[in-house]
Amino acid sequence: MVSMAITGCNETTISETNLAPVVDNIPPLTVGKDQDFSFAIKAEDSENLSYRLDERAPDWINIDSNTGVLSVDSSQSVEGLYF
């Protein structure tokens, strides 16, 4: 959460709080061997959202920064559990 206060000339204070977006529950996801996969992450916010993966995410997992669609490229994927 980010808070900001603006104080006017007449000792008036205006406060605005930027709340975190609300993300729908993401269920455990399973991808079969040699299957491409995509999943749309649904979130709501009063501002425009931008999506990104952690820098530790494997190269074969991608997310569209505008739509929140997560996709897996099966031709590059590695079998395993990822959290």
Side-chain angles (χ1 to χ4, degrees):
M1 178 182 346
V2 176
S3 292
M4 171 178 54
I6 303 169
T7 304
C9 299
N10 297 329
E11 301 295 324
T12 303
T13 301
I14 302 169
S15 294
E16 183 176 325
T17 302
N18 182 5
L19 301 174
V22 176
V23 179
D24 287 359
N25 187 33
I26 299 174
L29 305 171
T30 302
V31 180
K33 185 177 179 180
D34 299 325
Q35 290 183 322
D36 289 339
F37 172 82
S38 66
F39 178 80
I41 296 173
K42 297 177 184 172
E44 293 181 20
D45 193 56
S46 60
E47 300 176 15
N48 291 332
L49 291 174
S50 177
Y51 300 86
R52 69 176 178 83
L53 295 174
D54 186 273
E55 63 272 357
R56 298 171 291 174
D59 292 339
W60 44 270
I61 298 176
N62 299 296
I63 192 163
D64 185 296
S65 62
N66 296 313
T67 64
V69 173
L70 182 76
S71 60
V72 172
D73 181 352
S74 64
S75 68
Q76 298 179 24
S77 62
V78 176
E79 187 174 335
L81 295 174
Y82 298 91
F83 300 94

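Everything quoted here is computed from the prediction, not taken from an experiment. All values below were derived from every heavy atom in this structure, side-chain atoms included, with hydrogens, water molecules and symmetry-related copies excluded.
Among residues two or more places apart in sequence or in another chain, the side-chain hydrogen bond (donor to acceptor under 3.5 Å, both in side chains) test is passed with N62 by none. Here S71 pairs with nothing under the side-chain hydrogen bond (donor to acceptor under 3.5 Å, both in side chains) rule; sequence neighbours left out. Every side chain to side chain contact (heavy atoms under 4.5 Å, CB included) that A57 has, sequence neighbours left out, goes to L53. Residues satisfying the side-chain hydrogen bond (donor to acceptor under 3.5 Å, both in side chains) test with R56, not counting sequence neighbours, are D54. Scanning for side-chain hydrogen bond (donor to acceptor under 3.5 Å, both in side chains) contacts around D45 gives an empty result, with sequence neighbours left out.
Side-chain contact between F39 and V69 is absent, with no heavy-atom pair separated by less than 4.5 Å. Within the 4.5 Å cutoff, side-chain heavy atoms of Y51 are placed close to those of I41.
The distance from atom OG of S50 to atom CD1 of I63, rounded to the nearest 0.5 Å, is 9.0 Å.
Atom CG of D24 sits in a crowded spot, with more than 12 heavy atoms from other residues, nucleotides or ligands closer than 6.0 Å.
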